[in-house]
Amino acid sequence: MLPQASVRTIGDALSALPATPDATSDIRKVLGTIRTHLGMDVAFASEFTGGRRVFRAVDAAEDDCPVVAGASDPLEDTYCQRVVDGRMPEIIRDAASNAEAMSLGVTTALPVGAHVGVPLRLSDGRIYGTFCCFSYRPDPSLTERDLAMLRAFAEIAAGRLEEQMRRDTAVEERVGRIAGLLAEGGLMTVFQPIYDLEDGRAVGVEALSRFPDAETRPPSDWFAEAAEIGLGVDLEMVALRRALTALPSLPPDVYLAVNVSPAAILSGEVERFLDETPANRLVLEITEHQAILDYVALARALDPLRRRARIAIDDVGAGYSGLRHILDLQPDLIKLDMSLTRDIDRDPARFALAFALAEFARGMGCELIAEGVETAGEMRALCELGVTRAQGYYLSRPLPLPRIQALLAAKAPSSKRPAPRGALRAAK
C-alpha cells in the first residue's frame with residue numbers, strides 16, 4: 001500500500017492532473033461564430049446529466065450574461081429538454097407566442113425573446129445535451145437556413161466533445177490502473193549485482209521494479225505512464241520503500257542503488273524516506289531520460305540527500321542533456337548506458353566514446369559503472385578502458401532477494417579472465 005501521506009483516491013489523482021487543452025475552448029469559438037452570425041445575445045452548449053441541464057460552454061455579447069458556464073437547472077425547467085423531446089420547436093421566433101415557452105419561468109427571468117436549439121447527438125445516437133442560441137427580443141428573421149447552420153455547427157461540437165470524452169475515459173482508465181496497482185501492492189523488486197572488475201567482488205546491487213505484465217511491457221512504461229497522469233512520484237515512492245526494506249538483508253559492504261527521477265527529488269518525498277537509512281549504504285541513481293528544467297533547484301534539493309546517499313547519474317549517453325547532468329549535479333558515480341556498452345568490443349565509435357567518458361569520469365573523480373554487459377568480449381573491452389565496475393546479464397540477471405543473498409555469499413571469478421556465460425550465476 002502507499003505510505004499514508006501519499007494515499008490518494010482516483011478522484012484526487014484526477015483532480016491533481018495538470019490542466020490540458022479540452023473541447024470547451026474550441027466549442028466556445030464555434031458558439032461565438034454562430035451567435036454573431038445569427039445576431040443573438042447568448043449561445044451555449046449544455047450537457048444533460050443527473051436530471052439537470054449543465055452549461056458547459058457559453059458565449060455572450062455582454063459580460064454580465066445571466067448564463068454562466070458550470071451553472072445548472074433541473075432538466076424539466078428548461079427549453080433544452082422540451083426541444084429534445086419535441087414539446088417545443090427548434091426555432092422559436094417569439095417566445096411570447098409559444099404557450100410551452102411561457103409556462104417556463106426562465107422565459108421572463110432572462111428574458112428569452114427568440115430561441116434556436118438543436119440536440120447535441122453523439123455518434124452512437126446518445127443525446128449529450130443541446131446547442132442553443134437565444135436573444136432577449138423576438139427575432140422574426142430566423143429561417144430554416146439558420147437552423148441548418150446551427151445543426152452543422154452542433155455536429156462539429158458533438159465530434160469535439162466525443163473526442164474529449166474518449167480522452168477523459170482513457171485517462172481515467174490509466175489512473176485507475178496505476179492507483180489500483182499502488183493500493184494492491186502489485187509491484188515487486190528484484191536486484192542486480194554490481195561487480196568490481198578487479199577482483200570479481202560484488203560491491204552493490206541495483207533495485208529494479210517488476211510489474212504484473214513484465215513479459216509484455218517494460219517497467220519504464222509504467223513509470224512514464226504514472227508520471228503523465230500525476231502519479232509518478234507516488235509510484236516511485238512505493239518502489240523506493242520496497243527497495244529499502246532489503247537493505248538490512250544485504251552484506252554491510254554492499255550498497256543498494258535505487259532509481260529516482262528529478263521530479264521525485266524535487267517533491268521532497270525522497271528526503272523523508274531516507275531519514276532512517278544508514279549513511280553510505282545507498283546510491284540514488286538519477287536518470288538521464290527525464291529532462292531537467294531547473295538544475296539549480298535540483299542541485300539544491302540533492303544537498304541534504306548527500307548526507308545519506310551517494311549520487312549517480314544513470315543512463316549516461318542515452319538521455320536529454322548529455323554531460324550537463326554531470327557538470328551541474330556533481331555526482332559521485334556515472335553509469336554508462338547499455339547503448340554504449342552493447343558491442344563495444346566490435347564498434348570503434350562506441351569504444352572511443354566510452355574511452356572519452358572514462359577519462360572524463362577519472363578527471364571528475366567519479367566512479368564509472370558500465371551497464372548492460374552481456375558478453376565476455378564486452379567485459380574485456382571495458383577492462384581495457386580501465387572501467388572497474390559493471391553489471392549486466394553476463395554477470396548476473398536481476399534476482400529476487402533470497403537468491404541475490406546467496407549469490408553475494410559466493411566469490412565471483414576475476415573479471416580480468418572473463419568466465420563462460422553464467423559462471424557468475426553459480427549461486428542461483
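Computed over heavy atoms, backbone and side chain alike; hydrogens, waters and symmetry mates excluded.
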L401 vs L250 side-chain heavy atoms within contact, under 4.5 Å: yes

Check: P262 and I286 side chains under 4.5 Å, non-hydrogen atoms: yes

More than 12 heavy atoms from other groups under 6.0 Å of CZ on F360: yes

Taking every non-hydrogen atom, the tightest pair across G32 and D59: CA-OD2, 3.3 Å

E47 side chain to R56 backbone, donor-acceptor under 3.5 Å: no

R53 vs D73, salt bridge (Lys or Arg N to Asp or Glu O under 4.0 Å): CA-CA, chis, key distance, verdict: CA-CA 5 Å; R53 185 272 313 276; D73 304 286; 2.7 Å; yes

Flag, side chain of T107 to backbone of S103, donor-acceptor distance under 3.5 Å: no

Presence of salt bridge, E162 and R126, under 4.0 angstrom: no

Ring pair (Phe, Tyr, Trp, His ring centres under 6.0 Å) partners of F223, counting only residues at least two apart: F211

Donor-acceptor contact present, side-chain T108 to main-chain G105, <3.5 Å: yes

Test log, rule side chain to side chain contact (heavy atoms under 4.5 Å, CB included), inputs T341 and E374: CA-CA 9 Å; T341 304; E374 293 196 349; over 6 Å; no

V171 vs R167, side chain to side chain contact (heavy atoms under 4.5 Å, CB included): CA-CA, chis, key distance, verdict: CA-CA 6 Å; V171 169; R167 287 196 297 269; 5.5 Å; no

Evaluation steps, salt bridge (Lys or Arg N to Asp or Glu O under 4.0 Å), between E163 and R160: CA-CA 5 Å; E163 291 172 9; R160 289 290 290 113; 3.0 Å; yes

R93 side chain vs L142 backbone, donor-acceptor pair below 3.5 Å: yes

Validation row: Y393, Q192 side chains within 4.5 angstrom (heavy atoms): yes

Stepwise side chain to side chain contact (heavy atoms under 4.5 Å, CB included) check, C65 with F44: CA-CA 11 Å; C65 174; F44 65 84; over 6 Å; no

Rounded distance (nearest 0.5 Å) linking atom CZ of R151 with atom CD of E90: 4.5 Å

Donor-acceptor contact present, side-chain T130 to main-chain S46, <3.5 Å: no

Side-chain heavy atoms of Y295 within contact of L327, under 4.5 Å: no

Interatomic distance, C132 atom SG to M40 atom CE [nearest 0.5 angstrom]: 10.0 Å

NZ or CZ of R82 within 45° of Y79 ring axis and under 6.0 Å: no

Heavy-atom check, side chain of Q81 versus side chain of R87, under 4.5 Å: yes

Derivation of the side chain to side chain donor-acceptor pair (under 3.5 Å) call for N259 and E236: CA-CA 8 Å; N259 292 280; E236 286 191 57; over 6 Å; no

Exam field: side chain S267 to backbone E269, donor-acceptor pair closer than 3.5 Å: yes

Side-chain (R52) to main-chain (S72) donor-acceptor, under 3.5 angstrom: yes

Derivation and outcome, side chain to side chain contact (heavy atoms under 4.5 Å, CB included), residues L147 and V118: CA-CA 8 Å; L147 182 61; V118 295; 3.6 Å; yes

Heavy-atom side-chain contact between I311 and L329 under 4.5 Å: no

Main-chain N/O of D343 paired with E378 side-chain donor or acceptor, under 3.5 Å: yes

Sidechain-backbone polar pair: N98 side chain, A95 backbone, donor-acceptor under 3.5 Å: no

Minimum side-chain heavy-atom gap R306-D332 below 4.5 Å: yes

More than 12 heavy atoms of other groups within 6.0 Å of R137 CZ: no

L336 vs I344 side-chain heavy atoms within contact, under 4.5 Å: no

